[in-house]
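Single-structure report; data block below.
Numbers here simply count residues along the sequence, with the first being 1.
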Amino acid sequence: MSAKSKNPEEASVTLDSDSELSDWDGPVDIDLTDQSSWKKIKNVIHWTPFVQHFKKHRYPWVQLAGHKGNFLAGEDGAILKKLNQKEHKSLPLLMADILRPYVPEYRGDLEKDGETYVLMQDLLAGFKSPCVMDVKMGVRTYLEDELEKARQNPKLRKDMYQKMVDICPDAPTPEERAAGAITKPRYMQWRETISSSSSLCFRIEGIKKGDGSSSKDFKTTRTREQVKEALKSFIGEDKTLVGKYLRRLKAIRATQETSEFFAKHELVGSSLLFVHDASGHGNIWMIDFGKTTPLPDGVHIDHRSEWKEGNHEDGYLRGVDNLVSILEEL
Ligand code: I3P
């Protein structure tokens, strides 16, 4: 097991693969303030010393969106997420940007069974029976180069055809029906139009309520009214909570508008995670940077202008504007 870091300010924990700490099925403390533990660790740098316990499935991490199997549960306020190159490049930059308070803390990398994970703050730690909502931001969920690649080398996907007909049997064209398959961009673009991504520049991906019930059944939640109803049902009757969410969202927006990171990146498939509990404790974070890409030299975007292939606009701030205005109506 090892945790590495490129940034001298970040955690960098490296343990020998045959170390007694390499099997973390049971609880294991890595106490960085303890000299004997320190000796087992070749290279440790972190913002603050921390005690990390690893034990599978103890912490109730909830995954509402994204790929299954991407997370391992940690304890004491940490989760492990499979390393994605784009996200891995963004996280240290975000930690050094004014957006840092709105992003889960990045604590370095870990290797387990040949797989590398990033160690991140568990945003649900500190909440009791949290209600969680994942809102995917932006007008599109695919990168411009994914479109280009699909044009050059179209790969037909039967699974995406199946997902399409399960939702809307009439959606495929006669050619697609004959092939029983569609390309990924075709599916993703169709998904934007049946949800609110195309019109409102955000869509609800999943909601988990405090009683543990969860739903990802929002693929056709498209109109402003449908979205408003879903938000109402997530937030409940608590007006103070609406105010809290609105203040946080406006702070995120104001920070994004002046952030260097935000100005220099295209954010695609990135989400805002809303979390609250019955005590009235509520917060929002920016998550998922697996398709966050530095803009090519000389390209500037305002995250609000209409997307035309080649201009790299992502519609993120247009989505935040719409979310703010819908929440203001609640
Ligand atoms: C999935 C969703 C994911 C996408 C995934 C899709 O569709 O669009 O964002 O992963 O592609 O299947 P749905 O939400 O309708 O189930 P990426 O964002 O990583 O591309 P995949 O099947 O190729 O993983």
Side-chain angles (χ1 to χ4, degrees), residues 65-66 84-87 89-90 93-94 97 99 102 134-155 157 160 163-164 167-168 171 173 182-205 218-224 226-227 249 252-273 286-326:
N84 163 295
Q85 291 298 343
K86 283 194 160 64
E87 184 162 70
K89 284 195 181 124
S90 294
L93 300 176
L94 282 161
D97 190 84
L99 282 172
Y102 307 107
D134 183 301
V135 177
K136 200 177 259 195
M137 301 305 295
V139 70
R140 63 192 159 94
T141 57
Y142 48 89
L143 290 164
E144 295 197 357
D145 64 7
E146 289 183 82
L147 281 182
E148 191 46 38
K149 275 184 205 145
R151 238 176 252 131
Q152 284 171 11
N153 181 19
K155 285 196 183 118
R157 299 231 346 219
M160 288 191 155
K163 284 204 277 189
M164 180 187 252
I167 300 169
C168 183
T173 63
I182 52 175
T183 63
K184 181 165 175 175
R186 158 75 170 127
Y187 175 76
M188 303 287 263
Q189 286 175 330
W190 172 78
R191 274 279 275 127
E192 329 302 27
T193 60
I194 60 161
S195 68
S196 55
S197 293
S198 289
S199 54
L200 297 172
C201 295
F202 73 84
R203 71 175 180 234
I204 298 173
E205 282 283 299
F218 297 97
K219 286 188 176 171
T220 55
T221 303
R222 186 176 53 82
T223 66
R224 195 185 170 88
Q226 288 171 326
V227 170
L249 205 49
I252 290 176
R253 178 170 63 182
T255 311
Q256 287 171 338
E257 283 169 337
T258 50
S259 151
E260 194 184 336
F261 179 90
F262 205 72
K264 291 187 171 167
H265 287 78
E266 168 184 359
L267 282 86
V268 169
S270 184
S271 289
L272 287 175
L273 194 75
M286 294 171 66
I287 60 163
D288 290 346
F289 304 99
K291 288 190 181 178
T292 291
T293 316
L295 290 164
D297 283 346
V299 173
H300 300 282
I301 63 173
D302 60 16
H303 303 273
R304 280 195 176 92
S305 300
E306 198 182 324
W307 175 62
K308 293 203 178 70
E309 196 176 342
N311 76 2
H312 293 271
E313 286 292 352
D314 54 24
Y316 194 116
L317 283 175
R318 204 139 42 95
V320 179
D321 293 341
N322 284 323
L323 255 176
V324 165
S325 93
I326 296 174

Would you say Ser195's side chain and Arg191's backbone share a donor-acceptor pair under 3.5 angstrom?
yes
For the backbone of Asp302 and the side chain of Glu313, can you confirm whether one donor and one acceptor N or O come within less than 3.5 Å of each other?
yes
Hey, are Tyr142 and Glu192 close enough side-chain-wise for a donor-acceptor pair under 3.5 Å?
no
Using the six-membered ring wherever Trp is involved, compare the ring planes of His265 and Phe261 and label them parallel, tilted or perpendicular (cut-offs 30° and 60°).
parallel
Donor-acceptor contact present, side-chain Lys291 to main-chain Thr141, <3.5 Å:
yes
Leu323 and Leu272, any side-chain heavy atoms less than 4.5 Å apart:
yes
Here the salt bridge (Lys or Arg N to Asp or Glu O under 4.0 Å) pairs for residues 252-269, sequence neighbours left out, are Arg140-Glu266, Arg253-Asp321, Glu257-Arg304, Glu260-Lys264
Minimum side-chain heavy-atom gap Arg203-Lys219 below 4.5 Å
no
Is the side chain of Ser198 donor-acceptor paired with the backbone N or O of Val139 at a distance under 3.5 Å, no angle test?
no
With no hydrogens and no angle check, is any side-chain donor or acceptor of Thr221 less than 3.5 Å from a backbone partner on Val227?
no
Does this structure show an ion pair linking Glu306 with Arg318, if we count only N-O contacts that are shorter than 4.0 Å?
no
Return the set of residues passing side chain to side chain contact (heavy atoms under 4.5 Å, CB included) with Asp297 (not counting sequence neighbours), or none when no residue passes.
none
State which residues pass salt bridge (Lys or Arg N to Asp or Glu O under 4.0 Å) with Arg186; sequence neighbours excluded, sorted by chain then number.
Glu176
Is the shortest heavy-atom distance from the side chain of His303 to the side chain of Phe262 under 4.5 Å?
yes
What I'd like to find out is whether the side chain of Lys86 reaches to under 4.5 Å of the side chain of Lys89, using heavy atoms alone.
no
Is a salt bridge present between Lys149 and Glu146, judged by a nitrogen-to-oxygen distance below 4.0 Å?
no
Check: Asp288 side chain, Ser271 main-chain N or O, donor-acceptor pair, under 3.5 Å
no
